[in-house]
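So the structure is just underneath, and the comments pick up after that.
We use all heavy atoms of the structure for the numbers below, so side chains are in, but hydrogens, waters and symmetry mates are not. The chain is numbered in sequence order, starting from 1.
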Amino acid sequence: MTMNAPVLSAERQGFHAGYLELLSLIERLHRLLLDVIKDEFERLGILEINAVQALLLFNIGENEVTAGELKTRGYYQGSNVSYNLKKLVELGYMHHQRCEVDRRSVRVRLTEKGRAVRAVVAALFDRHSGGIETRRVLDLDRLDGTAGALKLLERYWADQIRYIY
């Protein structure tokens with residue numbers, strides 16, 4: 001079966017091209033963020049965990065969570081988060097404990113070693129936000145506007161998953 005792309009008006013073509021550029025930028029920025037974290041960890045000699053795992057520790061913070069909670073918050077995909085949580089427990093970055101109510105569920109929280117990694121990522125992000133502000137890469141209004149636009153896009157995509165038109 002051959003599907004032909006619909007013929008779009010010039011205005012619609014412009015919007016579509018801008019949307020595709022935004023999608024590509026989001027993907028590149030995520031990969032670049034992971035590379036920035038990886039480089040920081042290499043400079044510091046932290047080699048036993050990867051950037052995804054470090055970001056996971058950062059996002060968990062002082063919370064005690066299950067893999068399912070991380071997935072429903074939209075941070076990670078199921079198998080990916082389960083693998084990384086297991087690895088972080090094995091390496092001593094996280095404690096795990098069976099949930100009292102649902103014995104199938106495991107709750108995790110950072111160990112002292114995990115909090116130290118979280119502090120490294122937090123310091124990196126603090127340094128970056130200071131540099132972005134000092135060099136006037138973004139001002140607060142543009143930062144807020146960008147975050148607001150991305151939240152609207154996030155809500156739209158989440159609705160597409162939940163309510164498949």
Side-chain angles (χ1 to χ4, degrees), residues 5-6 8-44 46 49-85 87-88 93-94 107-165:
L8 305 175
S9 69
E11 183 179 325
R12 180 78 176 82
Q13 286 177 4
F15 187 89
H16 182 72
Y19 178 67
L20 294 178
E21 182 180 6
L22 179 67
L23 294 178
S24 178
L25 184 57
I26 290 168
E27 190 176 2
R28 285 194 323 263
L29 284 171
H30 179 67
R31 282 196 308 267
L32 190 56
L33 172 63
L34 294 176
D35 285 344
V36 165
I37 294 168
K38 177 181 172 280
D39 286 353
E40 179 75 0
F41 277 51
E42 286 175 356
R43 271 193 288 280
L44 296 172
I46 304 170
I49 66 171
N50 63 39
V52 169
Q53 292 163 342
L55 200 52
L56 181 62
L57 293 171
F58 179 80
N59 286 328
I60 290 171
E62 293 303 317
N63 300 310
E64 186 174 290
V65 296
T66 65
E69 288 169 341
L70 288 170
K71 186 179 177 216
T72 57
R73 289 180 194 175
Y75 290 135
Y76 303 94
Q77 294 178 339
S79 60
N80 187 3
V81 75
S82 296
Y83 167 80
N84 284 311
L85 289 175
K87 195 79 175 152
L88 289 167
Y93 291 94
M94 303 191 82
R107 299 196 69 72
V108 295
R109 61 184 160 76
L110 304 187
T111 62
E112 205 51 50
K113 189 175 175 183
R115 284 194 287 280
V117 167
R118 186 185 191 284
V120 168
V121 177
L124 174 67
F125 290 169
D126 185 53
R127 214 170 50 245
H128 286 174
S129 71
I132 289 167
E133 183 179 30
T134 301
R135 293 184 185 140
R136 294 186 169 100
V137 174
L138 295 171
D139 62 18
L140 186 57
D141 288 341
R142 181 157 286 183
L143 194 63
D144 286 345
T146 303
L150 290 172
K151 286 176 186 174
L152 291 172
L153 186 57
E154 177 186 36
R155 187 175 315 137
Y156 177 80
W157 285 347
D159 288 348
Q160 298 310 297
I161 294 166
R162 283 189 209 101
Y163 309 114
I164 304 174
Y165 17 112

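Atom CD1 in I46 sits 13.5 Å away from atom NZ in K38 (nearest 0.5 Å). Considering CG of D144 and CG of L140, their distance stands at 4.5 Å, rounded to 0.5 Å. Atoms CG and NE2, on D35 and H30 in that order, are 10.0 Å from each other to the nearest 0.5 Å.
Between R43 and E40 there is a salt bridge, with a side-chain nitrogen of the basic residue lying less than 4.0 Å from a carboxylate oxygen of the acidic one. A salt bridge links E69 to R107: one of the charged nitrogens lies within less than 4.0 Å of a carboxylate oxygen.
Counting only heavy atoms from C-beta outward, the side chains of Q13 and H16 never approach each other to under 4.5 Å. Side-chain contact between K87 and Y83 is present, with heavy atoms from C-beta onward closer than 4.5 Å. The closest side-chain heavy-atom distance from E27 to L23 is not below 4.5 Å. L70 places a side-chain heavy atom less than 4.5 Å from the side chain of L85. Between F41 and L124 the shortest side-chain heavy-atom distance does not fall below 4.5 Å. In this structure, L57 and V121 have side chains that are not in contact, with every pair of non-hydrogen atoms separated by 4.5 Å or more.
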TODO: Quick one: do I26 and L153 satisfy side chain to side chain contact (heavy atoms under 4.5 Å, CB included)? Show the steps, please.
DONE: CA-CA 11 Å; I26 290 168; L153 186 57; 3.9 Å; yes
Task: side chain to side chain contact (heavy atoms under 4.5 Å, CB included) between V36 and F125, worked out - done: CA-CA 10 Å; V36 165; F125 290 169; over 6 Å; no
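Sorted by first and then second residue, the salt bridge (charged side-chain N to carboxylate O under 4.0 Å, His left out) pairs with a member in residues 131-141 form an empty list; sequence neighbours excluded.
Checked by atom type and distance alone, the side chain of T146 pairs as donor or acceptor with a backbone atom of R142 at under 3.5 Å. A donor-acceptor pair under 3.5 Å is formed between the side chain of N59 and the backbone N or O of L55.
Under the side chain to side chain contact (heavy atoms under 4.5 Å, CB included) test applied with L34, the options N50, V52, L29, D39 reduce to a single match, V52.
Across A54 and I37, no two heavy atoms sit closer than the pair CB-CG2, 4.0 Å. Here the shortest heavy-atom pairing between M94 and I60 reads CE-CD1, 3.3 Å. Residues R115 and L110 come closest through the heavy atom pair NH1-O, 3.0 Å.
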